[in-house]
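Counting starts at 1 for both ligands and their atoms, following the listed order. Predicted model, so just to flag it, every value in this text is computed and none were measured.
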Amino acid sequence: MTERVAVVTGAAAGIGAATARGLAASGYAVALLDVNECAAVEVAATIAAAGSAAVAVQCDVADEDSVRSAIAAVVERFGRIDLLHNNAAVFLGLAGGSDGLLESLDLATWRRTLDVNLTGAFLCTKYAMPHLLVHGGSVVVTASVAGALTGSTVSAYASSKAGLAGFVRSLALNYGPRGVRANAVCPGTVLTDMSEHIRQTPELQRRMIDTIPVGRMATAEDVASVVVFLASPAAEYLNGVVVPVEGGLLLT
Ligand SMILES: NC(=O)c1ccc[n+]([C@@H]2O[C@H](COP(=O)([O-])OP(=O)(O)OC[C@H]3O[C@@H](n4cnc5c(N)ncnc54)[C@H](O)[C@@H]3O)[C@@H](O)[C@H]2O)c1
């Protein structure tokens with residue numbers, strides 16, 4: 001019951017799965033929350049097979065009842081929460097890699113994007129915070145360069161990610177004094193299912209890689225290792241920062 005416990009949302013795939021593996025390797029028991037329970041169970045099984053404690057919990061982060069019962073299940077299983085990684089998100093993308101010009105961006109897409117990406121982080125943090133406050137801990141959020149760059153479209157996704165940066169800063173101000181730090185990672189394009197539409201268009205992929213100073217897209221592990229660092233004692237004086245993990249893209 002004294003092992004540190006991490007909750008990772010969207011942990012069935014991509015960055016969340018890589019972060020769950022990285023946190024387990026650095027000594028955490030991990031709870032993998034995802035709407036896709038089967039895939040989360042598979043990732044948890046690989047972590048458990050490597051010798052760490054891991055549990056998959058079905059959770060839709062946009063649904064308050066689902067979040068409440070998922071956090072309760074984690075506390076029942078592991079007894080505490082030391083780290084929350086708010087990572088689950090959707091990119092309800094259209095052809096060409098955008099989620100819509102204003103004229104074509106419908107209200108349902110806007111609402112679902114904000115509900116999962118931004119309200120989901122609010123709900124998970126709201127229900128995890130009482131547990132984080134018990135021993136002190138931290139919150140890490142996965143934002144995106146999409147929330148920092150000026151894109152050529154009006155994007156629900158970009159708006160949700162810009163909102164997360166503000167959310168993290170307000171958490172840092174309000175809960176830093178009570179022992180809970182909050183920071184964000186801000187990835188560029190990462191080789192996961194979410195960016196599959198880019199890889200399906202080689203010309204778009206080439207153009208995007210050409211804009212990245214390090215000359216490649218990120219792996220999920222590139223991002224996960226920064227999340228693990230932000231959660232670690234080595235980062236205990238970092239609070240309220242949004243760390244770019246984009247190979248220098250934001251400099252261009
Ligand atoms: N892939 C990229 O290029 C990229 C770039 C910048 C930021 N990000 C961010 O990184 C994070 C992880 O994305 P990824 O690239 O690993 O994507 P991914 O699609 O591989 O994984 C996302 C996971 O979130 C889960 N999920 C979706 N809706 C959910 C919900 N309502 N409740 C619970 N789980 C839900 C999915 O089932 C999936 O397992 C997201 O916040 C994303 O916005 C990704």
J.: Is Tyr157 touching ligand 1 with its side chain, its backbone, both, or neither, if touching means heavy atoms under 4.0 Å apart?
T.: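 Looking at Tyr157 and ligand 1, just side chain atoms fall under 4.0 Å.
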
J.: Touching ligand 1 at all, Gly188? Heavy atoms, strictly under 4.0 Å?
T.: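 So Gly188 counts as touching ligand 1.
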
J.: Ignoring hydrogens and angles, tell me if any N or O in the side chain of Asp60 forms a donor-acceptor pair with the backbone of Val35 under 3.5 Å.
T.: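 Here the side-chain-to-backbone pair does not exist.
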
J.: Against heavy atoms of Ala89, which atoms of ligand 1 measure under 4.0 Å?
T.: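 Answer for ligand 1: 27 (C), 40 (C), 41 (O), 42 (C), 43 (O).
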
J.: At a non-hydrogen distance cut-off of under 4.0 Å, which region of Cys59 contacts ligand 1 (side chain, backbone, both, or neither)?
T.: backbone

J.: Can you find a side-chain donor-acceptor pair between Thr125 and Asn86 that sits under 3.5 Å?
T.: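 Their side chains do contain a donor-acceptor pair, which is all the 3.5 Å distance test asks for.
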
J.: For atom 13 (O) of ligand 1, state which one of Met194, Glu196, Glu246 supplies the nearest heavy atom.
T.: Met194

J.: Got a salt bridge between Arg68 and Asp65, using NZ or NE/NH1/NH2 to carboxylate O under 4.0 Å?
T.: yes

J.: Could you check whether the rings of Phe167 and Phe122 sit parallel, tilted or perpendicular, using 30° and 60° as the cut-offs?
T.: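 Judged by the thresholds at 30° and 60°, the geometry between Phe167 and Phe122 is perpendicular.
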
J.: Just to be sure I read this right, does ligand 1 sit under 4.0 Å from the backbone of Val61, its side chain, both, or neither, counting only heavy atoms?
T.: both

J.: With sequence neighbours left out, which residue pairs that include part of residues 22-35 fulfil the salt bridge (charged side-chain N to carboxylate O under 4.0 Å, His left out) condition?
T.: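 Sorted result for residues 22-35: empty, none.
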
J.: Check ligand 1 against Asp60 and write out every atom of the ligand that is under 4.0 Å from a heavy-atom position of the residue.
T.: 30 (C), 31 (N), 32 (N)

J.: Can you find an N/O atom of Thr189 closer than 3.5 Å to an N/O atom of ligand 1?
T.: no

J.: Do NZ/NE/NH1/NH2 and the carboxylate oxygens of Arg199 and Glu196 come within less than 4.0 Å?
T.: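 Yes, this pair counts.
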
J.: Counting heavy atoms only, which part of Met217 comes closer than 4.0 Å to ligand 1: side chain, backbone, both or neither?
T.: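 It is neither part, as no heavy atom is under 4.0 Å.
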
J.: Taking both backbone and side-chain atoms of Ile15, is any N or O found less than 3.5 Å from an N or O belonging to ligand 1?
T.: yes

J.: Applying the 4.5 Å side-chain criterion to the ILVMFWY set and letting contacts propagate, would Val243 and Phe229 be lumped into a single cluster?
T.: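 Val243 clusters together with Phe229.
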
J.: Does Asn87 come within less than 4.0 Å of ligand 1, judged by its heavy atoms?
T.: yes

J.: Ignoring hydrogens and geometry, is there a side-chain-to-backbone donor-acceptor pair from Thr219 to Asp222 under 3.5 Å?
T.: yes

J.: Heavy-atom distances under 4.0 Å decide this one: backbone, side chain, both or neither, for Ala218 against ligand 1?
T.: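 Neither part.
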
J.: What atoms of ligand 1 come closer than 4.0 angstrom to any heavy atom of Gly14?
T.: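 Close to Gly14: 16 (O), 20 (O).
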
J.: With respect to Leu33, determine whether any N or O atom, backbone or side chain, lies less than 3.5 Å from an N or O atom of ligand 1.
T.: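 No, there is no polar N/O contact under 3.5 Å.
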
J.: At what distance, to the nearest 0.5 angstrom, does OG of Ser144 lie from CD of Glu246?
T.: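 Answer for the OG-CD pair, Ser144 versus Glu246, is 10.5 Å.
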
J.: Can Arg112 and Asp106 be counted as an ion pair, charged N to O under 4.0 angstrom?
T.: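 Salt bridge between Arg112 and Asp106, a charged N being under 4.0 Å from a carboxylate O: no.
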
J.: I need the contact type for Val90 against ligand 1. Using non-hydrogen atoms and a strict under-4.0 Å cut-off, is it side chain, backbone, both or neither?
T.: side chain

J.: Answer yes or no: does an N/O atom from Ser144 fall short of 3.5 Å to an N/O atom of ligand 1?
T.: no

J.: Quick one: which ligand 1 atoms are inside 4.0 Å of a heavy atom on Val116?
T.: 28 (N), 31 (N)

J.: Ala13 heavy atoms, cut-off 4.0 Å: which ligand 1 atoms fall inside?
T.: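 Answer for ligand 1: 20 (O), 39 (O).
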
J.: Side chain, backbone, both or neither: which part of Arg112 comes within less than 4.0 Å of ligand 1 when only heavy atoms are counted?
T.: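 Within the 4.0 Å criterion, Arg112 contacts ligand 1 through side-chain atoms alone.
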
J.: Geometry only, no angles: is Val190 polar-contacting ligand 1 at N/O separations under 3.5 Å?
T.: yes

J.: Side-chain donor-acceptor pair under 3.5 Å between Thr142 and His85, yes or no?
T.: yes

J.: So for ligand 1, is Asp34 a polar contact partner (N or O within less than 3.5 Å, distance only)?
T.: yes

J.: If we only consider heavy atoms of Ala143, is any one of them less than 4.0 Å away from an atom in ligand 1?
T.: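 It does; at least one heavy atom falls under 4.0 Å.
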
J.: Inspect the contact between Arg21 and Glu221 and indicate whether a charged nitrogen and a carboxylate oxygen are less than 4.0 angstrom apart.
T.: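 Salt bridge: yes.
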
J.: Quick check for you: to the nearest 0.5 Å, what is the distance between Leu249 atom CG and Thr252 atom OG1?
T.: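 OG1 of Thr252 is found 5.0 Å from CG of Leu249.
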
